[in-house]
Amino acid sequence: MRVSRLMLVTLRDDPAEAEIASHKLLLRAGYIRRLSPGIYAYLPLMWRVLRKVAQVVREEMDRAGALETLLPQLQPADLWQRSGRWAGYTAGEGIMFHLEDRQGREFGLGPTHEEVITTLAGDLLRSYRQLPVNLYQIQTKFRDEIRPRFGLMRGREFIMKDAYSFHADEQSLQQAYAEMDGAYRRIFARCGLRAVAVEADSGAIGGSASQEFMVTAEAGEDLILASSDGRYAANQERAISLPPEAVPLAAGPLASGAGELLETPDQASIDSLCRGQGLDSTQVVKVLLQLARFESGLQQPLLLVLRGDQQLNTVKLANGLNGRFAERHGALLAVEPLSPEALERQGLAPLPFGYLGPQLSDAVLAPARDWQPHFLRLVDHTAADLPCFVCGANQPGAHLLGASWSGLGLTPSALDLRAAQPGDRCLHDPSQRLEASRGIEVGHIFQLGRKYSTAMEACFTTEAGSQEPFWMGCYGIGVSRLAQAAVEQHHDAHGICWPLPIAPFEVLVVPANGADPVQGELAEQLYAELQHAGVDVLLDDRSERAGVKFKDGDLLGIPWRVVVGRGAAAGRLELVDRRGGDPQDLAAAELVPHLVECIGRQRQGLLPPC
RNA sequence: CGGGAUGUGGCGCAGCUUGGUAGCGCACUUCGUUCGGGACGAAGGGGCCGCAGGUUCGAAUCCUGUCAUCCCGACCA
């Protein structure tokens, strides 16, 4: 390809819409253009990158025995109703774009394809003899994100590889899951990305085990907690750890654990309470009131209890709620703090926020119009394990000192609600501490189990002749996100430095002075030779000054640059590695064999040599 | 959804306080000089100043409304 024919438009200034380096560079170098928030056109250069990423993905999926397919993006609502996800994905914080056709039938634009694929599998896979099967596709997904950002990182329309496997038993599923884990590691290595696998929450998709693949980068939206011995790494949403030891309460239990009233005016926060009373935050129990709304219309007030130094992990909370209510009340639509205004709308008396204790009576909810008239009380282990503590007295300006669970007449059943923090001790080895880093989630693999096959009644006949739902796995890679993550991980002050396997072109040939016929002819000759040698080569044939072509070349990030300049008359040229290092001076005849050898090696990405 | 900011040619911005129907840099077109790290000179094209009302003799500028985009937040009372 010639630059003069490439529709290349580069920008000198950073567009105001971009915040992170990769987003700015993709816009400036003419790879993408925004049409609407979270919706981007992939310009010809970007499309070449995306096709290369897709090809690596395709080769590794095929190698693992998966079958490529292409499923509809427009999906009928009743499929999603059958799996129970329609309401959760369209109402509330739902992320599915949906629409009606002229007959009034409802459709969603596919954010994912479990429903479609499970239906097909149920139709086509009748016997255990046909299993296992792993189907994948590479296509555009649609998600109405609350807040699209960072270019292709969190778009509303994006390219994804999604795969779904079907098995006769759990062991076969686990085997496929392990194979996908291996395939994913090869994919990211082949794309030249440093990626780490971390334990993850299964989120809205559901299922049991799941693992995310994170490209490490400062701009990442996810917080990774990992031990330095490399034996534990998890998304913070999922991470577990040992909490710091609590400082024993010097006063001990008072009034048989009912606690003594402590005057604490203007000490409505844990911070001010501890400062004012000389307490440690591990000696205090804090209470959060929230409201959970479910698909069935159930509005359940929550009374959450954590130790004062701990933070609520909303993902763990949502999982706990789904576990208790999903069966009878459908999907969890939202969890939000109970506001004074909301209390008023329900006709309830104001509550002393900042002075609440776990002994708060259900009686305060009795007059509620729409809410359940009792709290669901959830207590984190850190709070439940305290033998005695300080808590709110449920009246303004007062706390209870020396309270205990039995003394308050409570018998909490504890669960894990706390967010693990950097610096926490690890469960597998308490001498290890969790360290934080940031990552961009580029892949996620799940063992779904039989959730969808049961819901969609997708069954096969077993060897014994009975009907059973499939065991399923699903495996995603954000293709367009991966491409941008590569830029985030591989750039410098001058522009992009693509890993060669996914670069739009492998070599850029630049005649320094286009007006010099000797340089022009040699450049053309090398361009033709490299093409014949099977190299993806771009020739900068524009009548620009050398400086302009070099600047644009750096911005575009093509791994190798061949400069045909003053030495052309003597048959010499320069070979420059975009990632840095001194230019090599070569004879024209040496170039093609030399480059073909280098590029051949680099096409393996970061894969270890066999 | 809450908070903040911004909407002026393709991109980045000034002008708005103190109303008098638009300007700078980059990009684009033509000519000349230049030619190994975003050249210089000359000439040129392109904007109903987000949109809708209002105030005024007159609005990019003041007022009201509305839309859009970006950033922060949407767990800790």
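In what follows, chains carry the letters A, B, and so on, assigned in the order in which the sequence lines appear, proteins first and then strands, with residues in each chain numbered from 1. Here the structure is a predicted model, which is why all the values come from computation and not from measurement.
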Under-3.5 Å donor-acceptor pair between Glu17(A) side chain and C70(B) base:
no
Run the salt bridge (Lys or Arg N to Asp or Glu O under 4.0 Å) test against Arg481(A) and tell me which residues pass, sequence neighbours left out.
none
Nucleotide-resolved protein contact map, nucleotides 33-42 of chain B, B/S/- at heavy-atom distance under 4.0 Å:
-BSBBBB---
Ionic contact status for Asp492(A) with Arg578(A), cut-off 4.0 Å
yes
Assign Pro352(A) to base, sugar-phosphate, or nothing according to its heavy-atom contacts below 4.0 angstrom with the strands shown.
nothing
Does any residue of residues 355-365 of chain A have a heavy atom under 4.0 Å from RNA chain B, and if so, which ones, in number order?
none
Using the side-chain contact (heavy atoms from CB on, under 4.5 Å) criterion, which residues pair with Ser437(A)? Sequence neighbours excluded.
Ile224(A)
Looking for any heavy atom pair under 4.0 Å, which part of the strands does Leu289(A) touch: base, sugar-phosphate only, or nothing?
base
Which nucleotide in C75(B), G25(B), C13(B) has an atom nearest any side-chain atom of Asp13(A)
G25(B)
Selection from C13(B), C75(B), G25(B) that lies nearest to any side-chain heavy atom of Leu288(A)
C75(B)
Tell me which pairs pass ring pair (Phe, Tyr, Trp, His ring centres under 6.0 Å) where either residue lies in residues 376-396 of chain A, with sequence neighbours left out.
Phe389(A)-Trp405(A)
Scan Leu338(A) against the nucleic acid and name what it touches under 4.0 Å (heavy atoms): base, sugar-phosphate only, or nothing.
base
Using salt bridge (Lys or Arg N to Asp or Glu O under 4.0 Å) as the criterion, list what pairs up with Arg33(A), not counting sequence neighbours.
none
